[in-house]
Structure formats: C-alpha cells, structure tokens
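Scroll down for the structure; my scribbles are underneath it.
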Amino acid sequence: SRPRCHPIPNSFTVEGNVRYRTELDTIDGQDEGVDMDLALLWTIRQTDIKITYEFVSFEDRFATNESTLLYVQLRRRF
C-alpha cells in the first residue's frame with residue numbers, strides 16, 4: 001500500500017529565525033551569541049493560536065548567558 005501524505009493546510013503557518021551576533025565591548029573584548037525562534041500559527045475560523053519558542057545564548061569572557069521563552073497567544077477577530 002502507498003503511504004498517505006497529509007498536506008499542511010493553509011490555516012497553519014511555520015516561521016523560524018536564527019541570528020548570529022557579535023559585539024565589540026570596549027572593556028571586555030569580543031562578545032558573541034545566537035538568537036533562535038520558532039513560531040507556529042494556526043487559524044481556526046476567526047481565531048488565531050500562536051505558539052512561539054525563543055532561545056538566546058550570549059557569551060563573553062566571564063560567562064555564558066542563556067534564556068528560553070515560550071509564548072502562547074490567542075487572538076479572536078470580530
């Protein structure tokens with residue numbers, strides 16, 4: 001039997017972004033890090049459900065700083 005494929009419907013959107021950044025700190029020297037985010041948006045009639053995950057890592061010569069965030073947003077259009 002053939003495998004079944006389920007296309008992604010138009011009501012579902014996936015977005016992603018990755019940014020690498022470097023900054024020159026005049027006191028501590030070179031700082032660098034990465035910002036990543038992934039968002040899923042699902043539209044059901046007049047309601048949008050959006051889930052966003054963000055990860056940030058930034059490093060200087062003293063420490064590595066990391067943070068993660070998860071957003072859940074509901075929006076109803078009238």
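All residue numbers in this chain count up from 1 along the given sequence. Owing to the predicted nature of the structure, the values given are computational and were not obtained by experimental measurement.
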Using side-chain heavy atoms (C-beta onward) and a distance below 4.5 Å, is [X] in contact with [Y]?
X     : Y     : result
Tyr53 : Met36 : no
Glu66 : Phe55 : yes
Val56 : Arg21 : yes
Ile44 : Ser11 : no
Val14 : Leu38 : yes

Could you give the distance from [atom1] ([X]) to [atom2] ([Y]), rounded to the nearest 0.5 Å?
X     : Y     : atom1 : atom2 : result
Leu74 : Lys50 : CG    : NZ    : 12.5 Å
Asn17 : Asp37 : CG    : CG    : 5.0 Å
Arg19 : Asp35 : CZ    : CG    : 4.5 Å
Asn65 : Phe58 : CG    : CZ    : 8.5 Å
Gln46 : Arg76 : CD    : CZ    : 5.0 Å

Joint hydrophobic cluster, Ile49 plus Phe12, side-chain heavy atoms closer than 4.5 Å: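 Cluster IDs for Ile49 and Phe12 match.
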
Side chain to side chain contact (heavy atoms under 4.5 Å, CB included) evaluation trace for Arg77 with Thr43: CA-CA 11 Å; Arg77 293 183 306 274; Thr43 303; 3.7 Å; yes

